[in-house]
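Below is one structure, written out as structure tokens, with a few remarks after it.
Residue numbers start at 1 and run along the sequence shown. Both ligands and their constituent atoms are indexed starting at 1 by order of listing.
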Amino acid sequence: MIILAIETSCDETSIAILENKKVLSNITVSQVLEQQEYGGVVPSLAARLHLKNIQKVLKSALSEAQIEPQKIDYIAYTEKPGLVICLQIGKIIAETIALYLNKPLISCNHLKGHIYASLLETKKKWKFPVLALVISGGHTQLYYLKNHLEFDLLGQTRDDAIGECLDKISLLLGYTYPGGPIIERLALKGQDTYSLPLTKLDKSYDFSFSGLKTAVRRLIERSWISNVFNKDITERNKIVRSSKILNVNDLAFSLQSTLVKVLLFKVKKVLDCKQVNTVVLGGGVAANQYLAGCFQIFLQRKKINLFVPKKKYCTDNAAMIGILAYYKIYQQD
Ligand code: KG4
Ligand code: ZN
């Protein structure tokens, strides 16, 4: 069975072709360079770039997979959540191909795709019940699954998503978008020095990261005031980065370690109340090696399996939509 999958929910134009669960091609054109000067994703620019890139992405996906369009059995696409005008482009392309080939359409949820990405390129199977944590640029969510596709949302962020928090702090430090990989690189040279607030350690399974972001902003501003009164923004950023008062590497490490502590607190909370045999991480922030390593150590002690997608499948891609579609078609493994 051949599935063609389309992902255009944000700033990546991606098309994948899967033969059952096997990825034959997964072509992604990122808009990071074009979006960088705006410090985030501008929806109208994202839509324009999807329109510009989608045909060549489709052509490359077909040619790399060496699949004639007539061999495609299903067309899958990201239905939601995401930027509405970007989702509409993916949908109209999917509908057009499906109409032309007279094949069924499978609409997919982007966040569920992030979770199912952990089943790409592995022979291992989830052991239910599964606790899935989506940590992306737009979402932080905890789901409980008693079986495939039976998603029960336990909690989610009440304000900033975890990736959004990393992206905003990167900009405050004078670095670019996306911030997660930059913070990870800086943290490699840092240590846990700054005491940052562990936010929303309450009874709920919800998260909140805006207080943490504000605490980091205050730290940065304090170091500005003592160093760079009246300098322009570029000059200020240079000084903040080289500041002896604020060690950016240590701040990055402390930030990562605080975020991981909060996530583990909530996961532990679920484990205390519910039977869990597998924990799944998904979304761009799951690419963070430090974070995945901490989860691995924590869960190993509890003899719980951890599934993390391969790095190339953590950030937005169409293969994750393809594998989700596969499970939706078969309803089993
Ligand atoms: O899942 P994703 O590609 O897009 C959304 O669905 O939002 O996630 C993007 C997010 C960004 O916030 C980015 O900074 C973060 O994932 N990210 C990382 C890493 N790579 C990407 N965060 C931490 N460490 C990384 N290595
Ligand atoms: Zn995503």
Side-chain angles (χ1 to χ4, degrees), residues 5-14 16 26 28-32 35-36 38-41 43 46 50 77-84 86-87 90 108-118 120 132-141 156-157 159-173 175-188 190 207 209-210 212-213 252-260 262-263 280-295 308-324:
I6 302 172
E7 156 62 41
T8 59
S9 67
C10 192
D11 59 343
E12 260 94 28
T13 313
S14 186
N26 180 42
T28 304
V29 172
S30 170
Q31 305 175 2
V32 159
Q35 299 281 2
Q36 229 158 30
Y38 303 101
V41 181
H50 283 311
Y77 71 98
T78 303
E79 184 194 24
K80 61 180 184 186
L83 302 170
V84 174
C86 297
L87 291 166
C108 291
N109 179 294
H110 180 81
L111 305 175
K112 295 176 183 174
H114 273 308
I115 295 168
Y116 272 79
S118 70
L120 285 164
L133 177 59
V134 178
I135 36 178
S136 72
H139 296 82
T140 311
Q141 292 189 326
Q156 59 187 323
T157 186
D159 40 54
D160 290 7
I162 184 163
E164 189 181 354
C165 176
L166 290 165
D167 293 340
K168 286 177 176 169
I169 289 173
S170 170
L171 292 181
L172 287 172
L173 288 169
Y175 292 96
T176 47
Y177 167 85
I182 294 167
I183 303 282
E184 179 170 35
R185 189 166 39 78
L186 293 171
L188 289 176
F207 302 90
F209 295 112
S210 79
L212 174 60
K213 179 193 64 192
F253 193 106
S254 309
L255 174 62
Q256 275 190 177
S257 123
T258 306
L259 290 169
V260 168
V262 173
L263 295 178
V280 177
L281 301 181
V285 183
N288 189 291
Q289 299 295 295
Y290 169 79
L291 184 148
C294 293
F295 267 77
V308 185
K310 294 211 160 61
K311 197 168 175 160
K312 62 180 172 184
Y313 298 129
C314 282
T315 44
D316 291 351
N317 68 88
M320 70 187 201
I321 301 305
I323 187 119
L324 173 61

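- Side chain of T315 to backbone of G284: no donor-acceptor contact under 3.5 angstrom is found.
- Using a 4.0 Å heavy-atom criterion, the residues that approach ligand 1 are H110, H114, S136, G137, G138, G163, L166, D167, P178, G179, G180, P181, E184, G283, G284, V285, A287, N288, T315, D316.
- Taken to the nearest 0.5 Å, the CD1 atom of I135 stands 5.5 Å off from the CD1 atom of I162.
- Judged by distance alone, with hydrogens and angles left aside, the side-chain atoms of E12 form no donor-acceptor pair with the main-chain N or O of T28 at under 3.5 Å.
- Counting only protein N, O or S atoms closer than 2.8 Å to the Zn ion (ligand 2) gives 3.
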- Going through the distances and angles, do E7 and H110 end up as a side chain to side chain donor-acceptor pair (under 3.5 Å)? CA-CA 8 Å; E7 156 62 41; H110 180 81; 2.9 Å; yes

Listing, residues 176-184 side-chain donor-acceptor contacts under 3.5 Å, not counting sequence neighbours, or none:
residue	atom	partner	partner atom	Å
Y177	OH	D11	OD2	3.3
E184	OE2	Q289	N	2.6

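- Side chain of S14 to backbone of A318: a donor-acceptor contact under 3.5 angstrom is found.
- At distances below 3.5 Å, not a single donor-acceptor pair connects side-chain atoms of T78 with backbone N or O atoms of K80.
- Legend: residues meeting ring-ring contact (aromatic ring centres under 6.0 Å, His included) with H50, ordered by chain and number and at least two apart, are absent.
- When all heavy atoms are compared, the tightest approach of I6 to G90 is CG2-CA, 4.1 Å.
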